[in-house]
Amino acid sequence: MHPNIQIIIEADYEAMSRKGAQLFAEAMRAKPNSVFGLPTGSTPEGLYKELVRMHKDEGLDFSAVTTFNLDEYYPIERESEQSYYHYMQKHLFGHVNAGESRINIPNGKAEDASKEAAAYEEAIESAGGIDLQILGIGMNGHIGFNEPADSFGADTRHVPLTEITIASNARFFASADEVPRHAVTMGMRSIMTAKRIILMASGEGKAGILRDSFLGPVTPLVPASVLQLHPNVIVLADKDAAGLL
Ligand code: F6R
């Protein structure tokens, strides 16, 4: 394992989520105006739930934070139940005191997705870059919508979804036909410029890809493997996901 990568293994999903929230809250308390990069998906639901609890019970204060979500489908209406905008409202922003104007999620209804992506990249830069990036990982090693490819996708950009991702995300839609065919995603270079990264993974199903990402070669065929080159990464996994590390 690369010396820059710290592995934290927790007993189960709940313990992993609590640990993630603790690290997140520590970053917020140390720097109340932190810039966070945020994922959606099943993995961070427990993290967001615990952060909401900490806000309600312990007064964890989100008022000065800036957030950038990793990605959004394109095209999609904000109001759509499957949008990542909706997901973030449901799991986090609807329950904490984050300032609306400092919450950033790519606009799934932008007229020009490429322009939206370029503006998003600029907004991350103007905010001073991301202090702490939270990530999930796809079964094929994807990060955001950066899928296995011949080269690491660089900047925030407009991408077509792969058949595998369409099939896997179809569980959130009435049918695979309804899954949007594109997305706007932060690129691997945008993600790599974050000062700190915590990648979270839970369940046996993620064990193989964690091994390939962190013990295998750095290759764009496994997008997460590039994290081996980042100076400050924590892999936060439950026992099942860490089984092959
Ligand atoms: C979501 C995202 C995706 C997910 C990945 C894992 O914003 O960027 O890359 O992190 O697909 O998803 P789950 O957590 O549902 O296994």
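Quick caveat: nothing in here was measured; it's all calculated off a predicted structure. Scope of the values below: all heavy atoms of this structure, side chains included, with no hydrogens, waters or symmetry mates.
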Using only atom types and a distance under 3.5 Å, with no angle test, would you say the side chain of E72 pairs donor to acceptor with the backbone of G108? no
Enter the distance from F93:CZ to M88:CE here, rounded to the nearest 0.5 Å. 4.0 Å
Out of curiosity, E10 CD to S202 OG, how far, rounded to the nearest 0.5 Å? 11.5 Å
According to side chain to side chain donor-acceptor pair (under 3.5 Å), does anything in [range] pair up with another residue at least two apart or in another chain? List the pairs.
{"range": "residues 156-165", "value": "E121-T156, N146-R157, E147-T165, T162-T165"}
{"range": "residues 87-103", "value": "D61-N97"}
{"range": "residues 17-31", "value": "K31-D131"}

Classify the angle between the aromatic ring planes of F36 and F24 as parallel (below 30°), tilted (30 to 60°) or perpendicular (above 60°). parallel
Checking side-chain contact (heavy atoms from CB on, under 4.5 Å) between M16 and each of T43, D240, I9, I8, which is the one that passes?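 With M16 as partner, T43, D240, I9, I8 yield a single side-chain contact (heavy atoms from CB on, under 4.5 Å), made by T43.
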Qualifying residue for side-chain contact (heavy atoms from CB on, under 4.5 Å) with T66, from N104, I124, I130: N104
Which residues share a side chain to side chain contact (heavy atoms under 4.5 Å, CB included) with A170, sequence neighbours left out: A176, V179
Could you tabulate the donor-acceptor pairs under 3.5 Å formed by side-chain atoms of residues 44-54, not counting sequence neighbours?
unit_1	atom_1	unit_2	atom_2	d
Y48	OH	P39	O	2.6
E50	OE1	R53	NE	3.1
E50	OE2	R53	NE	3.4
E50	OE2	R53	NH2	3.0
R53	NH1	D57	OD2	3.1
R53	NH1	E58	OE2	3.4
R53	NH2	E58	OE2	3.1

List, one per line, each side-chain donor-acceptor pair under 3.5 Å for residues 205-219, sequence neighbours excluded.
unit_1	atom_1	unit_2	atom_2	d
K206	NZ	I137	O	2.9
S213	OG	I209	O	2.6
T219	OG1	L221	N	3.0

